[in-house]
Number of protein chains: 2
Amino acid sequence: MSNVCFAYVHVREAISQQIIEQHLTGSLPSERELCATYDVARSTLRQALGQLEHMGLIYRKNRSGWFVCPRKLKYDPMQHTSFLQYTTAQGFQPSTKLVEQKKQKPCKEIAAALELDARTSLTSILRVRSVDGRAVVVENLNFSNKHLPDIDKHDLSLSISILLKNTYHQHDVLYDVTVESCCLFNPIAQLLDTYDGALGLKVTRIVRDKDGIAFEFDREFWRHDALMIENKAKLHF
Amino acid sequence: MSNVCFAYVHVREAISQQIIEQHLTGSLPSERELCATYDVARSTLRQALGQLEHMGLIYRKNRSGWFVCPRKLKYDPMQHTSFLQYTTAQGFQPSTKLVEQKKQKPCKEIAAALELDARTSLTSILRVRSVDGRAVVVENLNFSNKHLPDIDKHDLSLSISILLKNTYHQHDVLYDVTVESCCLFNPIAQLLDTYDGALGLKVTRIVRDKDGIAFEFDREFWRHDALMIENKAKLHF
DNA sequence: GCCCCTTTTTGGTATGTACCAATTGGTGGG
DNA sequence: CCCACCAATTGGTACATACCAAAAAGGGGC
């Protein structure tokens, strides 16, 4: 049936079957141990593990071994439901850690996306969000101070969607979201407890008010194995 | 500034800069040649090339070397615009090859998604779509014969969205789309002219009529470096 | 029982070598 | 000029080995 002429394919399928049949949970044996089990060189084993990682079956915590992936989080970037809301609804224990908050001038990418000139002030926050103790996404949110006066005076560790709705009366907004495959490099990789060059999914979001004026620019760097993007809509022709 | 203590990081950054500054176009030199250039072992070089591949900067055609990636296709899976339409609008030359068309019973996954019993007949097609001569996505479309009578009698190599609209009067439909990172295995990898275990993005789509009855189940396997998913919407709170 | 220090294990990086099969490029014959 | 055949190149697979630094495990003292 399947392609078993190569050693790494054999190892890959053997381990993946172990995981799917749930004979393997939590952490995997050490690499040298697995080499002995399957009688392959360590580089061959690591090739197999790398593919299992790409499949989203296993992941590695920086320098401390391989682990079976928990189930994926379902996430709809077009919805304004909060992280707390959709994670708990799926039975996860969410947590958020604010890494940094500052006022700064926009970089080129943001200036272009928000159509700002380079001197406009932005309130920028960086935070790491985890489910069940595992860091899954690094978020970088940027708010235009011009369009959201005194936004930096509020507590941005609370729900920002509620703040926008109640304080700034943003009831009708335009979302412009992109999703693409990416690589996670330091220092973002470190915040996600993974390695420089790990695989990720990058979600960017431009939020505009009802007149089309952009006031928010977000970048989300997800562990590639942590989420499944979900999107429901009614279409008319 | 950046992390340059390791050889593979050095090679990665050197080649990526070459590409970004456009000193490198089309195909890369052979691996052994690059080893000599950067004075590293082949496995180290291949580690660097692998990460550049994950970044979407380079790709490999099955056994015939490394190439600089063309620009990404922008794609909105929530829109009913045709492949022909959105690729040409972005300046690409699209083409589609029908690989297989058959009537069959649903597999477990499809039966569950469409809420069909295992004896219902499905019309299933498999096709490969390319832009500028490069295969970018393998599509597997499945239509319920029960809900779309005689769908297999039509020419499914033409636009199916027009067929649904004009012949089956599906003007109001519900889309249920998911996107996730995946691995491309044979035989799909071969259709995309890539290798077993290559990185991909999997898009699944369930289409329902206005009463919520599912009549179509699609799976799209994209080269991870070929697309950027784009999604615009107006939201109200 | 808890904490600190040492030892061992282990993942991350790196090299060199080897063989095979597919592709490519070149050569010669029709 | 084209096609068929052959040789050289090249990517894909595989192994053995080595070293380092971080993490985990173990042991000893309080």
Side-chain angles (χ1 to χ4, degrees), chain A residues 2-15 26-54 58-68 133-134 183-187 189-190 192-199, chain B residues 2-15 26-54 58-68 183-187 189-190 192-199:
Chain A
S2 55
N3 189 356
V4 254
C5 18
F6 300 123
Y8 80 92
V9 175
H10 173 251
V11 176
R12 184 184 78 198
E13 314 242 306
I15 297 180
S27 67
L28 271 68
S30 77
E31 293 186 359
R32 284 164 177 89
E33 210 170 315
L34 288 168
C35 289
T37 307
Y38 296 105
D39 194 30
V40 290
R42 210 168 133 217
S43 53
T44 305
L45 176 85
R46 283 173 65 86
Q47 187 178 3
L49 293 176
Q51 293 201 347
L52 291 166
E53 186 185 24
H54 294 163
I58 60 175
Y59 71 101
R60 38 181 156 167
K61 282 218 286 264
N62 190 23
R63 291 203 146 271
S64 53
W66 296 89
F67 299 81
V68 176
R134 180 179 175 234
C183 246
L184 305 169
F185 297 116
N186 289 336
Q190 285 167 343
L192 289 172
D193 200 18
T194 186
Y195 57 97
D196 185 71
L199 213 52
Chain B
S2 56
N3 189 355
V4 255
C5 18
F6 300 124
Y8 79 93
V9 175
H10 173 251
V11 175
R12 183 184 79 196
E13 313 241 306
I15 298 180
S27 68
L28 270 69
S30 77
E31 293 186 358
R32 285 165 177 89
E33 210 169 316
L34 288 169
C35 289
T37 306
Y38 296 105
D39 194 31
V40 290
R42 212 170 131 215
S43 53
T44 305
L45 176 84
R46 283 173 66 85
Q47 187 178 3
L49 293 177
Q51 293 202 348
L52 291 166
E53 186 185 23
H54 293 163
I58 61 175
Y59 71 101
R60 38 182 156 169
K61 281 218 287 264
N62 189 22
R63 293 204 145 271
S64 51
W66 295 89
F67 299 83
V68 176
C183 245
L184 305 169
F185 297 115
N186 290 334
Q190 285 168 343
L192 290 172
D193 199 19
T194 187
Y195 57 97
D196 186 72
L199 213 52

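None of the values given here were measured: they were computed from a predicted structure. Here is how names work: the chains are called A, B, and so on, in the same order as the sequence lines, proteins then strands, and each is numbered from 1.
When side chains are defined from C-beta on, A:F6 does not count as touching A:R12, because their heavy atoms never get closer than 4.5 Å. The shortest distance between side-chain heavy atoms of A:K61 and A:R134 does not fall below 4.5 Å. Within the 4.5 Å cutoff, no side-chain heavy atoms of A:N62 are placed close to those of A:T194. Taking the side chain as every heavy atom from C-beta outward, A:L49 and A:L28 approach each other to under 4.5 Å. Residues A:L184 and A:L199 have side chains not in contact (no heavy-atom distance under 4.5 Å, counting atoms from C-beta outward).
Residues B:G197 and B:C183 come closest through the heavy atom pair O-SG, 3.5 Å.
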- Message: Treating primed atoms plus P, OP1 and OP2 as sugar-phosphate and everything else as base, which nucleotides of nucleotides 3-15 of chain C get B, S or - for protein heavy atoms under 4.0 Å?
- Response: -------BBBBSB
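The outermost nucleotides of DNA chain D lying under 4.0 Å from heavy atoms of chain A, listed 5' to 3', are D:dT13 to D:dA24.
Checked against ring pair (Phe, Tyr, Trp, His ring centres under 6.0 Å), B:Y195 has no partners two or more places apart in sequence or in another chain. The ring pair (Phe, Tyr, Trp, His ring centres under 6.0 Å) test applied to A:Y8 returns no partner, not counting sequence neighbours. Scanning for side chain to side chain contact (heavy atoms under 4.5 Å, CB included) contacts around A:A41 gives A:S43, A:T44, with sequence neighbours left out.
Judged as a side chain to side chain donor-acceptor pair (under 3.5 Å), the pairs with a partner in residues 27-40 of chain B (not counting sequence neighbours) are, in order, B:E31-B:R42, B:E31-B:R46, B:E31-B:W66.
For the helix from C:dG1-D:dC30 to C:dG30-D:dC1, the angle separating the two terminal helix axes comes to 20°, with each axis derived from five pairs and the value rounded to 10°.
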